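First up is the structure itself, then whatever we jot down about it.
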Amino acid sequence: MTQLSISQARSHLTQLASRLPKDRETVKVTRRGKPVLAILPWELYEALEETIEIIDDEELTKRLKKSLAEVRQGKLIPWQKVKKDLRL
C-alpha cells in the first residue's frame, strides 16, 4: 500500500487514477502522519460494497456458509449434470 500525505495525493491525483486499476493497489492518505482517507480502484470498491451487503444479509450469509461447508464435504454437483438439467 502506498502512503501519501494529503498534499502529495492532491498533486498526484491524476496519475493515481491511471495507475491504481492496473495494480489493484490502494493508497493511504495521511494528515500529520495519521491515516484519514483511502484511495482505491473502483472495481475493488464495488467488491467491498458487495461483500458488505452479503455480510449484512443474515439469510444470505447462512446460505453461503452452508454452501462452503458442503464444498468442504465434497457435496458437489458435476458441471455436466448441471448443464444437462438446465438443458444447456
Side-chain angles (χ1 to χ4, degrees):
M1 176 185 299
T2 301
Q3 180 172 313
L4 299 172
S5 67
I6 285 181
S7 60
Q8 290 171 321
R10 185 182 312 124
S11 66
H12 291 91
L13 190 59
T14 57
Q15 296 166 3
L16 291 173
S18 62
R19 192 181 97 210
L20 289 181
K22 296 174 190 161
D23 301 342
R24 282 189 62 94
E25 183 182 359
T26 59
V27 177
K28 182 192 308 183
V29 181
T30 62
R31 178 185 294 139
R32 296 183 190 98
K34 294 184 180 181
V36 292
L37 297 170
I39 300 173
L40 56 150
W42 188 254
E43 288 178 4
L44 180 54
Y45 169 77
E46 287 180 322
L48 289 170
E49 283 257 307
E50 187 174 317
T51 301
I52 291 167
E53 283 180 31
I54 292 169
I55 290 170
D56 282 346
D57 185 326
E58 284 185 37
E59 183 58 35
L60 189 55
T61 301
K62 256 190 232 179
R63 291 185 356 223
L64 178 59
K65 286 179 181 180
K66 181 181 176 195
S67 296
L68 291 171
E70 289 174 351
V71 168
R72 283 191 291 275
Q73 295 166 5
K75 295 180 180 178
L76 304 173
I77 301 171
W79 176 238
Q80 294 303 326
K81 180 176 178 353
V82 173
K83 283 175 43 177
K84 183 179 176 185
D85 291 350
L86 296 174
R87 296 185 176 121
L88 299 177

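Remember, predicted model here, so these are calculated numbers, not experimental data.
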What distance separates [X] [atom1] from [Y] [atom2], expressed to the nearest 0.5 Å?
| X | Y | atom1 | atom2 | answer |
| --- | --- | --- | --- | --- |
| Q80 | K84 | CD | NZ | 10.5 Å |
| H12 | T2 | NE2 | OG1 | 10.5 Å |
| E70 | L76 | CD | CG | 9.0 Å |
| E53 | T61 | CD | OG1 | 11.5 Å |
| S5 | K28 | OG | NZ | 13.0 Å |
| L37 | L4 | CG | CG | 11.0 Å |

field: Test side chain to side chain contact (heavy atoms under 4.5 Å, CB included) applied to L48 and L40, step by step
entry: CA-CA 11 Å; L48 289 170; L40 56 150; 3.9 Å; yes

message: Using side chain to side chain contact (heavy atoms under 4.5 Å, CB included), reason through T26 and I39 one step at a time and then give a plain yes or no.
response: CA-CA 6 Å; T26 59; I39 300 173; over 6 Å; no

Do [X] and [Y] share a hydrophobic cluster, counting only Ile, Leu, Val, Met, Phe, Trp and Tyr and linking them when any side-chain heavy atoms are less than 4.5 Å apart?
| X | Y | value |
| --- | --- | --- |
| V71 | L64 | no |
| I55 | L68 | no |
| I52 | L44 | no |

Side chain to side chain contact (heavy atoms under 4.5 Å, CB included) between I6 and V36, intermediate numbers included: CA-CA 9 Å; I6 285 181; V36 292; 4.0 Å; yes

field: Closest non-hydrogen atom pair between Q3 and Q8, with its separation
entry: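 The answer is O-OE1, 4.4 Å.
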
message: More than 12 heavy atoms of other residues, nucleotides or ligands under 6.0 Å from CD of E59: yes or no?
response: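 Atom CD in E59 is packed in, count exceeds 12.
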
- request: For E50, look at atom CD and say whether over 12 heavy atoms of other residues, nucleotides or ligands are found less than 6.0 Å away.
  value: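 Counting other residues, nucleotides and ligands, CD of E50 stays at 12 neighbours or fewer.
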
